[in-house]
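Quick notes on the structure that follows.
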Amino acid sequence: MAEALPPTYDPKQNEASLYQWWEEQGFFHADESSGKRAYVIPIPPPNVTARLHMGHGLNNTIQDALVRWRRMQGWEALWIPGSDHAGIATQNVVERLIAQEGKSRDDLGREAFVARVWEFVHKTGGEIFDQLRAIGCSLDWPRARFTLDEGLSRAVREVFVRLYEKDLVYRGHRIINWCPRCLTALSDEEAETQETHGRLWHLRYPLAEGVEADGLPRLADGRAYMVVATTRPETMLGDTCVAVHPDDERYTSLVGKELELPLTGRRIPVVADTYVDPAFGSGAVKITPAHDPNDFEVAQRVGAPALDVMTPEAVMNDAAPERFRGMDRFEARRAVVAAFDELGLLEKTEDHTHAVPHCYRCDTVVEPRLSDQWFVRMAPLGAPALQAWRDGQVRFHPERFGRIYEHWLENIRDWCISRQLWWGHRIPVWYCRNAECRETVVAREDPAACPKCGGAVEQDPDVLDTWFSSWLWPFSTLGWPDQTPDLDAFYPNSTLVSGQDILFFWIARMIMGGLEFMGRVPFQDVYLTGMVRDHLGRKMSKSLGNGIDPLVVVQHFGADALRYTVITGAGQGQDQYLNYQDLELAFGPGRNFANKLWNAGRFALMTLGDAPRVPVESVAGSLELADRWILSRLSRATADVTTSLERFRFQDAGQRAYDFVWGDLADWYLEMAKPRLYGDMGDASRDAARAVLAEVLDRSMRLLHPIMPFITETVWQRLPRAEGDAPSLMVSRWPEPVAAWEDASAEAAFAELQDVVVEVRRMRQEYGIQPGVRVPLRAVPASAEVQAMLDASRRALGDLARVDELSFGAANGEVGASAVLRSGTELFLPLAGVIDLDRERKRLRDEATKLEGLAVGTEKKLSNESFVAKAPAEVVEREREKLAGYREQVEKLRGKLAALEGVQ
RNA sequence: GGUCGAUUAGCUCAGUUGGUUAGAGCGCUCGCCUCACAUGCGAGAGGUCCGGGGUUCGAGUCCCUGAUCGACCACCA
């Protein structure tokens, strides 16, 4: 059996088949009727057309680690897979596809286009699911959902109708963010502001003919004028007034009078509104109600009309003067500025940095546009969501995101949910075509006719924002609005793991939705991951070509290596940096760790063989120091890993398990146990070592399973099974710390042993003693206890240190290498003739000097009255002990030096 | 313009409520193909904890301030 295992672990041979076995065995399935406490994670549904990237790799690994851990702890753990129809994104992809055939969506028509998108989704949509399988995600596949499937569509419709009935959804004629490329409205969140270096143009608006005023500058022809500043000069074509502050004395006499709007021949009034900041620019603001949200509000207050001068594509329309018609907005901008300049109406141009909103899907500059759209009234939904956080019903990790959430909710604005797209949930609103009636029908079932007049109705052509289905995810996936067994068992969910970028898009809205429709927060904990960046700190992106394909990593390093790397690569909520040019640097350590586990397993197979598992309790009488030490360390590691997971400290959990397995178990215990396991130390000793080794390895695999599921299962399957064990590690029990194993004195004694061994190795290295050379070691232990420990570990110590003869006794000033350990134990290697005595003298002197320095520092500290008076007694006591220790060591070193005096 | 992060070894990161000589991995140097593992074993070098003030017996840790990088929010045209 053992010989069959190659010395190097090959993840490719294990992972896919292991995953398939888990899935076939039904281990991923959560039973809604088990009655066990439920642990549920709502997956952030990836876009249906998405391919897995490192961001998915990170947050799905964390989710899987949590689900696997809770499942092992005995919870009914549910993780439902799903994907998002991703309205704009998917529609854009398909539009590009058909564009290659020389067609537009209008050529196809709505029905055919939507059919085409479905076809595309069915063909490529499942790809990301296979990729999640490849990294080991234990998702309950038969429960997979899609935001546009029948059930979720019903939930969306129910929610829209309910909100309409409560007057929380309404149709409004407002300025919204409009993408002139996608030709749809966007929510405020979908308009991403980018810092842009632009210009601020100062334009002169002359007073209209027959209007006079004092104190204004004058043009060459004698007309007085006002100056307005703008970053978007083309919008002046749609100006319908100029606003000044009512208290601005420069302009009070002008309020109510008219200006001539250049290039248009229109006369527009000067109005007063407190929105204007008199200190900024000229203190006069051009008002373009149809193309700026603030201007729109000012116009509403002062009763100015709105004049839309652009087409949906942001091309100047027929309302613009003829010479500008048909011009793109940026072309018109240049033309307007040139025209002002020509007329002597361009006062000045300044450089100006400001935030410009861009479409989050295609990066086109957003054009504010006046239109009819559907909105959700957010204030009534936001208040309970804010309160829930304040009450501690929802907690963010890291905590600071709570304040960001709070700030957003306190300033929440209504949510524009209608999109002028074809791919998505059609808005369940019908309008009566009877011009006399015009009834609006909002209904759960499609109406055949107008309920008021019996006339024909037509459905609103728009669809809903993609996020309008996502915010229902935690309960819509469980069958809501029906009262299903799943909903009973699994709502509320438990933990949400997500990127920070969708805190507002998704997380905050889910909390609002959960409270509104289910009456309870959808989850208690929210863990926000940082971003995966390249080694230069840049976002990974297709255009920069600096991304890392998780599947390539799985191929070359294994899923466990990927998972280990992302788990241990960043602190809570911190960004992670990975070098796409050197995958070995990033993922090598994880692969090596998996290989370490593999080999620990091989070692166990070779030494434990097919012998039945013996419980540790049954060998309690013959446990040796190393046994007691490793069991104690294991219990503490178990407690630490569990605590770290509970606190969402994944990096700590991974690191702690790694340190235990590699640093304690592999480096020390396995080495010390070898002679015993080979039978050199007698049967009792061997049996004790076997029992302990089996126990410790078993528990180590359990501890690491949530992070590295494949290798741990692979090793665990080959270990001797304990009575009544589960068929798979993934459904076995999470280990508990064992108080009875924790043994401070064993740990202290073993630490002394480690000191001895390390020191011997150091001396051998220092003096270049070849591995095969036998050198006698003498040790003068500080106490009978250490003496006993050294005796007990004699064989193991010899093996580790590669010192074949050990003799314990006084060194008597004999020439050789020597060392004094922290415990006071003195080591001596008689090396006359082997070593350079001058070098040894120097080493001893240096060591003594260093210790003297430390002693002086400590002495000074202790002679400080304030320290002694104010520091805690135990701290002072510790300092005293330190000082005594330093002095003792210095004494011994001096003795050694003296012994070397005069020796050649 | 607000708010919030980050800055510790060449690189990627830990460092719990202030308290032994600030840690790990990778890289580097040296020695090892030692019967689980060379994806390994052993030893070692390497740090003004971003700068400047302050509080304290004591500061990587707390306060103030500056710098650099980053994120989020924001209607100053």
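Lettering follows sequence order; numbering is per chain, from 1. Just so it is clear, the model here is predicted, and its values are computed rather than measured.
- Contact annotation: W668(A) side-chain N/O to rG42(B) OP1/OP2 distance is not under 4.0 Å.
- Closest to the side chain of K882(A), out of rU21(B), rC57(B), rA36(B), is rU21(B).
- Inspection of the Y205(A) and D239(A) side chains reveals an N or O donor paired with an N or O acceptor under 3.5 Å.
- Put simply, the residue from R204(A), E347(A), M236(A) that forms a side chain to side chain contact (heavy atoms under 4.5 Å, CB included) with F340(A) is M236(A).
- A tilted orientation is assigned to the rings of F593(A) and Y658(A), their planes being inclined by 30° to 60°.
- Considering only the side chain of R602(A), rA36(B) comes nearest among rA43(B), rA36(B), rU21(B).
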Which donor-acceptor pairs under 3.5 Å do side chains of residues 402-409 of chain A form with protein atoms, sequence neighbours excluded?
from    : atom 1 : to      : atom 2 : distance (Å)
Y405(A) : OH     : A385(A) : O      : 2.8
E406(A) : OE2    : R390(A) : NH2    : 2.9
W408(A) : NE1    : E189(A) : OE2    : 3.4

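- Within the 3.5 Å criterion, the main-chain N or O of T288(A) finds no donor-acceptor partner in the side chain of D292(A).
- Nucleotides rG10(B) and rG47(B) are separated by 7 Å at their P atoms, to the nearest Å.
- For the P atoms, the distance linking rA22(B) with rA9(B) amounts to 14 Å, nearest Å.
- Only the P atoms considered, rC75(B) is 16 Å distant from rG2(B), to the nearest whole Å.
- Taking atom P on both rU21(B) and rU39(B), the two are 39 Å apart, rounded to the nearest angstrom.
- Proximity of K861(A) to the phosphate of rC57(B): no side-chain N or O atom is located under 4.0 Å from OP1 or OP2.
- The aromatic rings of F648(A) and Y527(A) lie parallel to each other, with less than 30° between the two planes, well short of the 60° mark.
- Classification of the F280(A)-H352(A) ring pair by plane angle, with boundaries at 30° and 60°, yields perpendicular.
- Across the protein-nucleic acid pair, D755(A) atom CG and rA43(B) atom P stand 12 Å apart, rounded to whole Å.
- At distances below 3.5 Å, not a single donor-acceptor pair connects side-chain atoms of D534(A) with backbone N or O atoms of M540(A).
- Taking 4.0 Å as the cut-off between side-chain N and carboxylate O, R174(A) and D414(A) count as a salt-bridged pair.
- Between R400(A) and rG5(B) there is no side-chain polar atom (N or O) within less than 4.0 angstrom of OP1 or OP2.
- When the nucleotides rA14(B), rG25(B), rA36(B) are ranked by their closest atom to the side chain of R649(A), rA14(B) comes out on top.
- Side-chain nitrogen and oxygen atoms of Y405(A) include none within less than 4.0 Å of the OP1 or OP2 phosphate oxygen of rC4(B).
- Separating the OH atom of Y580(A) from the P atom of rU12(B) is a distance of 14 Å, rounded to the nearest angstrom.
- Between rA38(B) and K596(A), no contact under 4.0 Å exists linking OP1 or OP2 to a side-chain N or O.
- Between the CG atom of D652(A) and the P atom of rG15(B) there is a distance of 6 Å, rounded to whole Å.
- For rG42(B) and rG52(B), the C1' atoms lie 45 Å apart once the distance is rounded to whole Å.
- A salt bridge links R232(A) with E367(A): at least one charged nitrogen is closer than 4.0 Å to a carboxylate oxygen.
- Between rA36(B) and K674(A), a contact under 4.0 Å exists linking OP1 or OP2 to a side-chain N or O.
- Electrostatic pairing of E859(A) and K861(A) does not count as a salt bridge here, judged by no charged N lying under 4.0 Å from a carboxylate O.
- The distance from atom CG of L583(A) to atom P of rU39(B) is 18 Å, rounded to the nearest whole Å.
- The nucleotide whose nearest atom lies closest to any side-chain atom of P589(A) is, among rG25(B), rG42(B), rC4(B), rG25(B).
- Where K870(A) and W662(A) meet RNA chain B, the nucleotide closest to each residue was compared, and W662(A) sits on the side nearer the 5' end.
- The strand RNA chain B forms stems, runs of 3 or more Watson-Crick or G-U wobble pairs with distances below 3.5 Å, at B:1-7 with B:67-73, B:10-13 with B:23-26, B:28-32 with B:40-44, B:50-54 with B:62-66.
- On the C1' atoms, rC37(B) is 42 Å away from rC50(B), given to the nearest whole Å.
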Where protein sits on nucleotides 70-77 of chain B, one letter per nucleotide: B base, S sugar-phosphate only, - none, heavy atoms under 4.0 Å: SSSSBBBB

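- Across the C1' atoms, rG15(B) and rC57(B) are found 23 Å apart, a figure rounded to whole Å.
- One interatomic measurement links the two molecules: NZ of K12(A) to P of rU39(B), which rounds to 15 Å at whole-angstrom precision.
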